[in-house]
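To start, the structure itself, in C-alpha cells.
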Amino acid sequence: MIEQLLLDITNRIVSRLYGENIPVLNLPVEKTKKEINGDYTVVIFSVTRYSHKAPETTAAEIGNEMMKEIPGLASFNVIKGFLNLCFSDNYWISFMLKEAGNDQYGFAPQRQEDPVLVEYSSPNTNKPLHLGHIRNNLLGFSLAEILKANGYPVIRMNLVNDRGIHICKSMLAYMKWGKGETPESTGIKPDHLIGKYYVLFEKHYREEVKKLVEEGTSEEEALRSAPLIREAQDILRKWEARDPETRALWALMNDWAYKGFETTYTRLGVAFDIVQHESDTYLLGKKVVTDGLEQGVLSQKDDGSIWIDLTQDGLDEKLLLRGDGTSVYMTQDLGTAVVRYDKFHPTKMIYVVGNEQNYHFDVLRRTLKKLGRDWSERIYHLSYGMVELPNGKMKSREGTVVDADDLMDEMFSTAEQTTRELGKANELPATDAQDLFRMIGLGALKYFILKVDPKKNMLFDPAESIDFNGNTGPFIQYTHARVRSLLKRAETQTGFSESTALQELKDQSGIPVLPLEKEIIKKLFIFPSIVKEAGETFSPALIANYLFDLSKEYNQFYQEVPVLKEENVSCRDMRLILSVFTGKVIKKGMRLLGIDVPERM
RNA sequence: GGCCCGGUAGCUCAGCUGGAUAGAGCAACAGCCUUCUAAGCUGUGGGUCGGGGGUUCGAAUCCCCCCCGGGUCACCA
C-alpha cells in the first residue's frame, strides 16, 4: 500500500543521492505519531551509514527529493532521523470522495481458486454449549467472514462429536433415572435435558468412586472399576456392535442435542456450510495408517498396535491405531484430513480448537508430512486460550460452567434494562425493541470476546456483567446509530443525497479539512490493510480494535464539530460524506465480527 | 522434568516484523446536555512494560538465564 510505495521511492532516492550500489533498504515507514506534524514517517537512521552525513541532513536531503516526486506531498519536517511527510488536504479529500461510494471498499475481489476450510464449533452431544464454545463459534464464524472479505472461497465445517463414552454416560443416566421424560414432557430445552443426565451420571459416579476409595481401593483403580463407568463402557460396546436398542436411544438423544444446538447457533448468529458427524467419520483413517505401515514410515508393536516415532522431531512416540484395530482420536483426524483434502483440495485447512490441543495438532501435521502428504503445512490450528472464571476454570462435570443460553438471556435482559433506563425504547414498536435488545446484547458479548487476541486466556467475571460503555460493542453500535440518525436528519432537513453530494464535491477544490476530520479519513484509509492483515494473521481482534479507534475518532468529531449547522454547503456536505463513509466501514467491519449494527439506539 | 503459550496502570486489554515523552477502556476524581442521540465528549491522578544480563545510535518489542501463571506430555476426545 502507501507505506510500500513510500519505501520504494525512498530507496530510489537513496541510491540516486548516495550511490547506485546501495542495497535495497527495509526502512520503517509508519503513521506519524499524533503529537507530531505529519501523516507518514520514514525512519532514515540506517541511511546515514551510506550518506555519511548527520541524520538530520540525510533526512532533509531525501525529503527535498520527495517533494519533487510525490504530487500529493505538501511539506515535510525532520526531527533527528525521522522524516515526517505531510500530504495535502486535497490528497485526503480526493481519496475519500473516490472511495466513499464504493460498496466493496476494503474487500478484496473474489479469487478463482480452491476453497479454504474452516472447522469450528465441533461440540460433544452429551451436554449443552458453554462460554468456551461461544468463544470457539465466534472466532470460527468471524474468521470465515474475514477470509471471505479477503476474497477466499470459504467452506465452514462443523464436525459433531456424536459418539463415544461421553454420550453413553448421558444415555446410561437417562435409562436409570429418566423415567422416559422428554423435552416435550418437561419443557426443558433438549440439549439441557441431556446435560442434566450427564451431570447426574458424574454425581453418582463420583459417589461410587469416593466409596470405593474409602473401602481401600486406590483412586486410579476406583475410577476404572466403579460400576457406573463399567456400565457406560458396556453401552459403548453395544453401540459399536450396532445393538438396535442402544442405537435407537443414541439417535433419540442425539436428535435432542442437535435441536438444542440449532437453537443456540441461530440465536448466536453462527452458521455452517457442512455439518459432519463423527459417527460417520470415526472409522476413516485406518487405511491411511495401514498404508503408512506398508510404506515403512510407521512401526508395529507385538500387540499389533501401530505407532509413529516423532522423537527425531523432539516429540514422543504416538499411537495411531490400537492393537485390536480400533481407532483413536488421531486415527480419525488423520482420516478426516485426508478425505477433506482429496475432496476439496483446500489451499488451507483451519481448525478452530482450544490450545489444550496444541500438541495433538503438532503431531497431526508432522504425521501427515511423514506419510508423504506435503499439503500438511496447509493445516493451521487456530489455537485459542480458555475462558477463565474468577475462581478458576470452567468444569462441566462440577457444574461450574457459564451456559451459553443462560449467558445470552442475561445479555439480552441487561440490554433491555439499560436501554429502558436511558429511555430509548419508548418510541419503538415492541418487536423492533426486542430486536434491538438482542442486537445490543449480542454485540456486547461478541465484541467482549473477539477483541481479545485469540491465543490469550481471557477472564470472564459473571458477577460484573459485560459492559456497555467504553471499549465495547454497544459503543461502536451507538456510533453507527449516531451516523445514521445524522444522515436521516440531513436528508429531511437539507435534502442531502450521497450521490449528488459526491458529484458536486468532486468538482471543487480547496475545501478546508480540520485535523479531527483528517484523522478520521486516515483511519478510513487503512481499513483495507486492516482487513488484509486480519486475514493473514487469522485475527478478528485486529478488526475489533480498529473499529473502536475509528468510532472513538468519529465521536470526538461528532461532539466538537457541527455538521448540519455548518453554513458552508461544501463543508457541510464533506462532513456528511465523511459520516456516510464512517458508517459504512463500521457496518462492514462489524459484519466481519458477526455483529449487527442498529439504525437507531 | 521436557515442550508450547502467557506476564504491560488497581482491573480488563492494545502495542511486540526494534524507533520519538509506553496507549485505550473500566474503576476514582473534576467538568460538559435550551444546540445534529450524554450508551457520548473533555480533563486529573495512576507504570522499575515479571527480574537480571546482552545486542544496538535506539529495546515493552530481538537473544540468553531466572521467577510466576496456564496448557500439555492417555491404547479419552
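Letters A, B, ... mirror the listed sequences (proteins, then strands); counts begin at 1.
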Checklist entry - How close or far is atom P of B/G40 from atom CD1 of A/Ile476, stated in whole angstroms? => result 11 Å

Checklist entry - Just how far, in rounded Å, is C1' of B/U37 from CG of A/Leu487? => result 13 Å

Item to check | Atom C1', compared across B/A39 and B/G25: separation rounded to whole Å | outcome: 14 Å

Checklist entry - What integer distance in Å separates A/Leu542:CG from B/A24:P? => result 19 Å

Item to check | Among B/C75, B/U37, B/C26, the nucleotide that comes nearest once only the side chain of A/Arg322 is considered | outcome: B/C75

Item to check | A/Asn11 side chain vs A/Leu25 backbone, donor-acceptor pair below 3.5 Å | outcome: yes

Next on the checklist: How many whole angstroms separate atom CG of A/Asp573 from atom P of B/C36?
Outcome noted: 20 Å

Next on the checklist: Taking B/A27 as the reference, what is the distance to B/U42 when you measure between their P atoms (whole Å, please)?
Outcome noted: 16 Å

Next on the checklist: Is there aromatic stacking of A/Phe45 on B/G19 here, judged by a ring-centre distance under 5.5 Å and a plane angle under 30°?
Outcome noted: yes

Checklist entry - Quantified in whole Å, what is the P atom distance between nucleotide B/U21 and nucleotide B/G58? => result 14 Å

Checklist entry - When you compare B/G6 with B/G15, how far apart are their P atoms, in angstrom units rounded to a whole number? => result 12 Å

Item to check | Nearest-angstrom distance, P atom, B/A77 to B/U61 | outcome: 43 Å

